[in-house]
Amino acid sequence: MKKLPSIFRQKKTWTTLLVIALVLVALGLITLSSLKKTNSKMPVNKPGKTVSTDVAKKTAEDFINNFLMQSGSKASIKDITTEYGLYKLSVDITSDVVESYMTKDGKLFFPQALNVAEVTAAKNGTAATDTPGAAAAPSATVTKKSDKPVIELFVMSYCPYGTQIEKGMLPVVEALGNKIDFQLKFCSYAMHGEKELRENLLQYCIQKDQNAKFNSYLKCFLENSDSASCLTSTGINTSAANTCVTKTDTQFKVMANFTNKVGYQGSYPGFDVEKADNTKYSVGGSPTLIINGEDIQSGRDSASLLKTICSAFNNPPKECSTVLSSASPSAGFGTATAAASGADAAACQ
């Protein structure tokens with residue numbers, strides 16, 4: 001049987017989602033019209049008996065891998081819960097986790113749900129919000145000035161948009177040096193599985209105990225995502241790092257909570273190491289840029305970030321005149337760039 005194109009590999013633009021919705025509506029109308037034309041006594045298919053979560057999980061995995069995934073790739077169901085009278089599935093497709101749905105009899109599978117508020121907002125050119133009266137998007141100019149700006153950048157270590165802004169930020173940190181207080185922090189939940197929890201712990205510890213080598217390690221990791229080789233090439237004391245990771249993991253029960261599914265945010269495991277700061281700033285995704293306590297939305301290229309951060313000084317130093325690249329780093333790992341396109345809004349959230 002010919003396999004269907006992988007919907008999980010396609011970029012989900014609003015246009016694509018709307019087309020999918022229209023196709024589903026059209027199919028529904030055709031089916032309804034056909035039913036009206038048939039004998040009214042003709043049996044109509046009804047929902048079957050509810051299957052167990054184990055059966056639903058296996059059914060979904062088999063269907064996804066046989067018909068929706070690219071050859072050579074394999075998806076797995078990481079979590080299954082009940083929502084809106086359906087089974088809600090967290091589908092791990094290696095590069096990301098996708099939320100899908102299945103009827104409780106295991107007969108109908110829905111690859112992706114359309115959020116009515118978000119689709120409506122996108123069509124109207126506005127940003128969808130969860131609560132009325134939400135604040136407008138933050139400015140790229142910092143209003144709270146200081147002699148030594150404090151830069152807190154919240155990311156998830158494997159979020160492609162977090163790595164994007166990190167690549168733009170590192171040259172700025174190198175240019176401004178000790179004129180700023182730069183702190184890389186981590187969101188209170190991880191969207192990219194166990195590997196992200198472990199990398200978060202490692203980066204937290206390297207920054208905490210071997211800060212002089214942290215930027216070099218981060219630059220290497222952002223280029224190739226190979227943590228082991230970066231530890232070696234940058235001369236990190238792995239014994240000290242591992243000791244810190246174990247201590248921090250024990251203190252915040254990161255891996256224990258992951259294994260026991262404690263403290264999850266929806267279908268995503270929690271990462272409580274810097275949860276207090278996440279709560280303080282209402283961090284809602286990766287990346288979140290906080291400068292002098294102010295939530296800031298900046299372009300992710302080095303030139304834009306330098307300009308934004310320099311707006312936070314009472315008296316900008318001469319380093320603010322440094323000429324940095326205005327090419328926007330690509331999302332994800334690697335050194336590719338693209339023409340700068342102003343402030344970026346994409347995030348893992």
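Just so we're clear, the structure is a prediction, and the values are computed from it rather than from any experiment.
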When every non-hydrogen atom of Asn292 is compared with those of Ala312, the smallest separation belongs to ND2-O, 3.5 Å
Minimal non-hydrogen separation, Val91 against Ala75, with atom names: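 So the minimum-distance heavy-atom pair works out to CG1-CB, 3.9 Å.
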Can you confirm whether more than 12 heavy atoms, excluding those of Lys219, are under 6.0 Å from its NZ atom?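 No, NZ of Lys219 has 12 or fewer neighbouring heavy atoms, counting only those of other groups under 6.0 Å.
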Can you tell me how far apart [atom1] ([X]) and [atom2] ([Y]) are? Round to the nearest 0.5 Å.
| X | Y | atom1 | atom2 | result |
| --- | --- | --- | --- | --- |
| Ser52 | Tyr87 | OG | OH | 6.5 Å |
| Asp272 | Thr279 | CG | OG1 | 9.0 Å |
| Leu176 | Cys310 | CG | SG | 5.0 Å |

Mark yes or no for whether [X], through its side chain, and [Y], through its backbone, hold a donor-acceptor pair below 3.5 Å.
| X | Y | answer |
| --- | --- | --- |
| Gln164 | Gly332 | no |
| Asp105 | Lys107 | yes |
| Thr163 | Pro160 | yes |
| Ser304 | Asp301 | no |
| Gln203 | Leu218 | no |
| Glu294 | Val142 | no |

From CA spacing to verdict: disulfide (SG to SG under 2.5 Å), Cys348, Cys187: CA-CA 10 Å; Cys348 298; Cys187 296; over 6 Å; no
Name of the residue among Asp277, Asn200, Asn278 meeting side-chain hydrogen bond (donor to acceptor under 3.5 Å, both in side chains) with Lys185: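 When side-chain hydrogen bond (donor to acceptor under 3.5 Å, both in side chains) is applied between Lys185 and each of Asp277, Asn200, Asn278, only Asp277 qualifies.
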Just checking Phe333 against Phe221, ring centres under 6.0 Å apart? yes
When the ring centroid of Phe252 is compared with that of Phe271, is the distance short of 6.0 Å? no
Looking at Asp62 and Lys58, is any side-chain nitrogen of the basic one under 4.0 Å from a carboxylate oxygen of the acidic one?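 Salt bridge flag = yes for Asp62 with Lys58.
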Are Asp181 and Lys148 ion-paired here, with the side-chain N under 4.0 Å from a carboxylate O? no
Lys195 to Tyr158, cation-pi by 6.0 Å centre distance and 45° axis angle: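 So Lys195 does make the cation-pi contact.
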With a cut-off of 3.5 Å and sequence neighbours excluded, list every side-chain donor-acceptor pair involving residues 284-291.
unit_1, atom_1, unit_2, atom_2, d
Ser286, OG, Met156, N, 3.0
Thr288, OG1, Gly285, O, 2.7

